[in-house]
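For reference, the structure discussed in these notes is given below.
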Amino acid sequence: MTLIATWNVNSIRTRLPILEKWVAHRNPDIILLQELKCMEETFPLTAMEDLGYNVEMLGQKSYNGVAILSKYPIEDVVHGLPTLSNDPQARYIEAFCGGIRVASVYVPNGQKIDSDKFNYKMNFLKALKKHARALLAQDESLIIGGDYNVAPDLCDGHNPDIFEKNRILCSLQEREALKNVINEGLIDGYRVVHPETLHENQKKFSWWDYRSGSYENNKGYRIDHLYCSPKAADFIQNSGIDIETRLQERPSDHAPVWLSLTPTAN
DNA sequence: ATGGTAGCAAAGCTA
């Protein structure tokens, strides 16, 4: 069995104690990280190696930064989206490990509808769509996981109003742009295992704003996803969101999302 | 609610 997880840690250095605790409990084979908020020089490499992981990362000072941690050897590393050349922001890394091609992606937040940052988000999703098409054409076991900063469906946000009001993370434009990526032929691993989350009273979230007691009031969003190629989806065994990490001292605003695959996937 | 909190880095930006 292979267990793969994605987690926006919101600073790897600050989150190290919580991450170590979580790894001891969940023990993933592959971890896709976002928002490292550091360069390679200040990344806690030894701590990760002590946990048993090989590391490939794309760092950036203060903002963004993505990594792939793997207990398997890591090959074919791609730094940055090939379809978005000269992007100064560290938001994408891809590699082949444990028989699966994986990518850790940090889609821009977008800040405000129709702002410059929003346009950058739309361009990023367009580029991701193009690259997803190329990857899927290889017909491999593939998982593109990360913080997509988009709630795909109305059940992926705490309140229907936020969708009606076209708020950031929930707007029609963002959901259409994400759908364009997914419709290349990707499967939402978590939703496959948990179709019950489509029901109003069984929603599950992966992100809660630090502000205004969002977690306490469960005003969350499901914006962290593990999208699978058909070959990977065939072997999905189980999936979950480790929301209890959000209750610990100095938590990330995101919870880890994980997916287990039967051995034949790789 | 043009705030509310957190992280980086040292004031304001990003989320």
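Naming convention: chains lettered A, B, ... in sequence-line order (proteins, then strands); numbering from 1 in each chain.
Comparing A:N10 and A:S212 by the nucleotide of DNA chain B whose heavy atom lies nearest to each, the residue mapping closer to the 5' end is A:S212. Of the two residues contacting DNA chain B, namely A:D147 and A:R15, the nearest-nucleotide position lying further toward the 5' end is that of A:R15.
Between A:V257 and A:S206, the closest heavy-atom pair is CG2-CB, 4.0 Å. Looking at every heavy atom in both residues, A:L136 comes nearest to A:P230 through CD2-CD, 4.1 Å.
Contacts between residues 108-124 of chain A and DNA chain B, counted as heavy-atom distances below 4.0 Å, involve A:N109, A:K117.
When the side-chain nitrogen and oxygen atoms of A:T14 are compared with OP1 and OP2 of B:dG7, none of them lie within a distance under 4.0 Å. At the phosphate of B:dA6, neither OP1 nor OP2 sits under 4.0 Å from any side-chain N or O atom of A:R13. Distances shorter than 4.0 Å separate none of the side-chain N or O atoms of A:S214 from OP1 or OP2 on B:dG4.
Using bins of under 30°, 30° to 60° and over 60° for the plane-to-plane angle, the ring pair A:W208/A:F205 lands in the perpendicular bin.
Heavy atoms of A:R91 sit under 4.0 angstrom from primed sugar atoms or phosphate atoms, though from no base atom. Within the 4.0 angstrom heavy-atom criterion, only backbone atoms of the sugar-phosphate kind lie near A:Y106; the bases stay farther away.
Here the rule is ring pair (Phe, Tyr, Trp, His ring centres under 6.0 Å) with A:W7, and of A:Y106, A:W258, A:W22 only A:W22 fits it.
Looking at the side chain of A:R250, the nearest of the listed nucleotides B:dC8, B:dA15, B:dG7 is B:dG7.
As a whole-Å value, the separation of A:M39 CE from B:dC8 C1' is 14 Å. What separates OH of A:Y63 from P of B:dA6 is a distance of 17 Å, to the nearest Å. The OH-P distance, from A:Y148 to B:dA15, rounds to 18 Å in whole Å. Between the CZ atom of A:R167 and the P atom of B:dG4 there is a distance of 16 Å, rounded to whole Å. One interatomic measurement links the two molecules: OH of A:Y215 to C1' of B:dA6, which rounds to 17 Å at whole-angstrom precision. What separates NZ of A:K219 from C1' of B:dA1 is a distance of 11 Å, to the nearest Å. Between the NE2 atom of A:H254 and the C1' atom of B:dG7 there is a distance of 13 Å, rounded to whole Å. In this structure, A:Y210 places its OH atom 21 Å from P of B:dC13, rounding to the nearest Å.
Annotation: B:dA15 and B:dT2 have their C1' atoms spaced 16 Å apart (nearest Å). Annotation: B:dG3 and B:dG12 have their P atoms spaced 15 Å apart (nearest Å). Separation of the C1' atoms belonging to B:dT14 and B:dA9 is 13 Å when rounded to the nearest angstrom.
Figure legend: cation-pi geometry between A:K71 and A:Y53, with NZ or CZ positioned under 6.0 Å from the six-membered ring centre and within 45° of its axis.
Contact of the A:T2 side chain with the A:Y72 side chain is registered, since non-hydrogen atoms from C-beta on lie closer than 4.5 Å.
The residues A:D153 and A:R191 are annotated as salt-bridged, a charged nitrogen and a carboxylate oxygen being separated by less than 4.0 angstrom.
For the 3.5 Å distance criterion, the side chains of A:Q34 and A:D147 fail to qualify, holding no donor opposite an acceptor.
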